[in-house]
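Just so you know, these numbers use all the heavy atoms, side chains as well, and skip hydrogens, waters and symmetry mates.
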Protein chains: 4
Amino acid sequence: MGDVVGRAGRTAIADHLPGMVKDWSLDLVVVNGENAAGGFGITEAIYQEFLDAGADAVTLGNHSWDQREALVFIERAERLVRPANYPRGTPGRGAALIETKNGKHALVVNALGRVFMTPFDDPFAALERELGACPLGVAADAIVIDFHCEASSEKQGIGFFCDGRASLVVGTHTHVPTADHQILSGGTAYMTDAGMTGDYDSIIGMQKEEPLRRFTSGIPSGRFEPAAGTATLSAVAVETDDTTGLALRIAPVRVGGRLEPTTPKFWLS
Amino acid sequence: MGDVVGRAGRTAIADHLPGMVKDWSLDLVVVNGENAAGGFGITEAIYQEFLDAGADAVTLGNHSWDQREALVFIERAERLVRPANYPRGTPGRGAALIETKNGKHALVVNALGRVFMTPFDDPFAALERELGACPLGVAADAIVIDFHCEASSEKQGIGFFCDGRASLVVGTHTHVPTADHQILSGGTAYMTDAGMTGDYDSIIGMQKEEPLRRFTSGIPSGRFEPAAGTATLSAVAVETDDTTGLALRIAPVRVGGRLEPTTPKFWLS
Amino acid sequence: MGDVVGRAGRTAIADHLPGMVKDWSLDLVVVNGENAAGGFGITEAIYQEFLDAGADAVTLGNHSWDQREALVFIERAERLVRPANYPRGTPGRGAALIETKNGKHALVVNALGRVFMTPFDDPFAALERELGACPLGVAADAIVIDFHCEASSEKQGIGFFCDGRASLVVGTHTHVPTADHQILSGGTAYMTDAGMTGDYDSIIGMQKEEPLRRFTSGIPSGRFEPAAGTATLSAVAVETDDTTGLALRIAPVRVGGRLEPTTPKFWLS
Amino acid sequence: MGDVVGRAGRTAIADHLPGMVKDWSLDLVVVNGENAAGGFGITEAIYQEFLDAGADAVTLGNHSWDQREALVFIERAERLVRPANYPRGTPGRGAALIETKNGKHALVVNALGRVFMTPFDDPFAALERELGACPLGVAADAIVIDFHCEASSEKQGIGFFCDGRASLVVGTHTHVPTADHQILSGGTAYMTDAGMTGDYDSIIGMQKEEPLRRFTSGIPSGRFEPAAGTATLSAVAVETDDTTGLALRIAPVRVGGRLEPTTPKFWLS
Ligand SMILES: [Fe+2]
Ligand SMILES: [Fe+2]
Ligand SMILES: [Fe+2]
Ligand SMILES: [Fe+2]
Ligand SMILES: [Fe+2]
Ligand SMILES: [Fe+2]
Ligand SMILES: [Fe+2]
Ligand SMILES: [Fe+2]
């Protein structure tokens, strides 16, 4: 589930995720929660809300610490995963081996890109370490990499870099779903951006008046507030091979709100 | 048609565009050609190739002048449109009123974003000028804005800024198609990025080895070369109202290559 | 006078500027005030304080509007000059023809660079317009350009671009004085950065703990607060030719605080 | 010695450095050579030229590999130091313990900043490692850190971060000398930028026509070529305590060319 933005996004998760888990017998659900709290960061209550709705892991991004309580509760929130390429000593974890709904084990990794973003350590090296420490098909039945990043080139680079070693590399951060879902030649499912779970009558999930004013005048004149219209839940679905952990099928998921709806045909009953 | 990358992209245009023009009775075809010549810029021969295949206008972007001949031939290439927010004195034009295949007049505008890009003058002001000088439904039967830009926020900003005043605002430059096509509340069709017309087994259309080496080592060790596998033609289709010039329907177009194919259902015979 | 940062910087202006005006018979004093109010922006009271201390004009920069009252009082503050390349419709003025202490007229212009900064319109074009509208030696007895910019290349570019058409091009914004003061071949005095008027036991004028924490941890954990130690007044002094308005001599000025002191030898009594 | 740019810069080194070594009995000379070969990178012949002129170590920066031979000869060039925060596996070394002219041992470290630059790994963490592995006054008689970086804030951050643990932190890369040389409270000499050793009738050492054209038109129309006028040797001089290795005195050095000359008063005979 791509970046959940504010209350509108959380409502979409609460409304749609439990049914999806049931209807599609989902084994693992990963939600990007970096914008869940009013557009900026995540609280412990919201984290719990996501788990209650069916999430098995929650990932973050450049907004990880916008709610300062996250620096504290992340230590006890074992399914909350912050970027793996943060500096040594950062609270929390960059990867978590999660027990899935069907009793398997999935590695969930989060990393931050560096192109057009506040730079952290090399995400390629960080992923190399995580994938080396917990190989797919050996230590993990599935591996999901949420690569939080601006540039399509860097996302594709991470996709190919991890190809054959992860079940899914999916980008987040741009808040717009891409239509380039595919299975790479090595067997890793890939999609440049999962899109935002939020109101698409907005500028990246925020009410559009203030960002528009800033674009045209260069003068901030208020806060960014999340848009409150009905959200589209935007996500990507992958079916993996039980033996190898590689991807067999990939399809986008978009439900509710303004975007054209789509669900995985391979899961239609 | 999103950024055509190299020979693979040009082949996809030559193979698919003439049939589309015919089958769908297209009135206006706009092709982004900024990467058509080996990934970098455009030549006069390629510009002509696009017109021959059915393009009515060709737009550019941050790679406009990578082939230096473009600075010269653009003066006689009346259907070649470079960003409108280039400095005064730049060769060529930032907007062109084009006679369409059905004898109407369409304004085609190109502009460059400034977020995460080499900055030029304010694209909002530039579009305000162009839209003011040639209003939709008055001086133009349709208006297509190709906004060439990195950040999704800026693209959405331009979309809302032009809403009700253009038939279509479509982004280019990220080389990945987005799945957020919609008609905004004022009647303008919008899609964050048309995607690239190129080989998607690549990094933004380029063979992936060199960009991957640069990402992991930080050391350039060769040129970027366009990937040569079968390209996906990636584009967006819009049906407009004859009276207002506003959008009635929008749908993505993806044909050939690795991406999941899709064509406008409203044009299926 | 380079960017005055917070109370420490304002105290240095109050302590040293009146004496300088008197001892050196200064005809024109320009103070960059973009960081005067607690490091962020300027208030009307502080603007008045600068005039009272001997300033003839106050310039701004990327922090122009950090104190929102500036958007209002700038309309009546005739000696307050904000960047000339802000969008049309921005309050205030980008250039002001100021009556000097000796009854002459000096044009004071402010502009923002675009390299590594939030981009506004082309500063070269903006300066071309201002210099064209009020030529040196014709409509202005002196012309001072405060170019507020990050990159040394862009500052030098503006220097050469204006050479022969301005008395002084001086950079601001990096908060560090440069030692490259010189008179360019066309007669314009040039210095890449005037330096900050602030406490140099700091990170660009701010207490160093918070910026250091952000650099090492990537986690904001408080506000930036101006450093409160004794400030160095950092500035540049120019003597112009009465007839041409071009520069005859240039020297740095640094008084008080931690930096090595220096004053113009050509003005020593 | 700040970034030596092209032949003009090399000539200044050859002309002035041998005399300085002799007149001032220099124990250690470090030259930044990242722009020595026509403005872009360094060759083995030029590296040798610098050693012959009196350099004990040569540092690099973002242009390290512009001459591809550097990737090879750096392995045998024991006094050539490239940024310490390059990825694992990068040829060469990020720090070298150099025998000085007076038989002592000096650690020379090079690191790249990340603000406004192509990002590499955390320079703070890299310097922490280098300083921990070779402590000042214990394993090294002096430590010189060349921090190659754009933003003054990041340079000052590194200065304070290393304060008390290095003899000198000096910035390079902006190609403009700063006038903020000082000894920090912990005893480390600091200067934001050593300035370029090159022709100051230029844009950062390059002939100014082409960069000016790019600034005003946005269109590249040729290569950058180093300016060929007489260069200013621009550097910083430090006297250290024999016991602690900390700094006792710091002064800028500027000789020849267009900049106002200055030499350390504490070394005048
Ligand atoms: Fe987000
Ligand atoms: Fe994000
Ligand atoms: Fe492109
Ligand atoms: Fe582009
Ligand atoms: Fe400032
Ligand atoms: Fe500033
Ligand atoms: Fe350099
Ligand atoms: Fe550099």
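- In this structure, chain B has no heavy atom under 4.5 Å from any part of A:Thr262.
- Looking only at heavy-atom pairs under 4.5 Å with chain A, the residue among B:Ser152, B:Ser185, B:Ala179 that has the most is B:Ala179.
- Ranked by heavy-atom pairs shorter than 4.5 Å toward chain A, the options B:Pro123, B:Ser202, B:Gly218 are led by B:Ser202.
- Of the possible polar contacts, none joining the B:Asp193 side chain to the B:Thr178 backbone as a donor-acceptor pair under 3.5 Å is found.
- Only the side chain of A:Leu259 comes within less than 4.5 Å of a heavy atom of chain B; its backbone N, CA, C and O stay farther away.
- For chain B, the option among A:Ile204, A:Asp122, A:Thr232 with the highest count of heavy-atom pairs below 4.5 Å is A:Ile204.
- Crowding of A:Arg7 atom CZ: a count of heavy atoms from other residues, nucleotides or ligands under 6.0 Å not exceeding 12.
- Of the residues considered (B:Phe161, B:Phe124, B:Phe160), B:Phe160 shows the highest number of contacts with chain A, using heavy-atom pairs under 4.5 Å.
- Contact count against chain A (heavy-atom pairs under 4.5 Å) is highest for B:Glu150 among B:Glu150, B:Glu154, B:Glu260.
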Stepwise side chain to side chain contact (heavy atoms under 4.5 Å, CB included) check, A:Val115 with B:Phe215: CA-CA 10 Å; A:Val115 178; B:Phe215 277 128; 4.1 Å; yes
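- A:Leu212 touches chain B through its side chain: at least one heavy atom from C-beta onward sits under 4.5 Å away, while N, CA, C and O do not.
- In this structure, chain B has a heavy atom under 4.5 Å from the backbone of A:Ile183, while its side chain stays farther away.
- Between chain B and the residues A:His181, A:Lys155, A:Gln182, the most heavy-atom pairs under 4.5 angstrom are made by A:Gln182.
- In this structure, chain B has heavy atoms under 4.5 Å from both the backbone and the side chain of A:Pro177.
- At a 4.5 Å heavy-atom cutoff, the contact between A:Thr192 and chain B is made by side-chain atoms alone.
- Each of B:Lys208, B:His175, B:Arg114 has some count of heavy-atom pairs under 4.5 Å with chain A, and the biggest count is that of B:Lys208.
- For A:Asp180, the parts lying near chain B are the backbone and the side chain together; criterion is any non-hydrogen pair under 4.5 Å.
- Checked by atom type and distance alone, the side chain of A:Tyr86 never pairs as donor or acceptor with a backbone atom of A:Phe120 at under 3.5 Å.
- Of the possible donor and acceptor atoms, none in the side chain of B:Asn35 sits under 3.5 Å from a partner among the backbone N and O of B:Asp3.
- The nearest pair of heavy atoms linking A:Leu233 to A:Ile13 is CD1-CD1, 4.0 Å.
- Neither the backbone nor the side chain of B:Glu128 comes within less than 4.5 Å of any heavy atom in chain A.
- Rounding to the nearest 0.5 angstrom, the gap separating the CG atom in B:Leu107 from the OG atom in B:Ser167 is 9.5 Å.
- Looking at A:Asp201, both its backbone and its side chain come within 4.5 Å of chain B, counting heavy atoms on both sides.
- Contact check on B:Arg214 versus B:Glu210 returns a salt bridge, with a Lys/Arg side-chain nitrogen under 4.0 Å from an Asp/Glu carboxylate oxygen.
- For the residue pair B:His173 and B:Asn62, a side-chain donor N or O sits within less than 3.5 Å of a side-chain acceptor on the partner.
- Side-chain contact, A:Asp146 with A:Thr59: a donor N or O sits under 3.5 Å from an acceptor N or O.
- Contact annotation for A:Ala151: both backbone and side-chain heavy atoms come within less than 4.5 Å of a heavy atom of chain B.
- Annotation for B:Ala166 and B:Ile145: closest pair CB-CD1, 3.8 Å, computed over non-hydrogen atoms.
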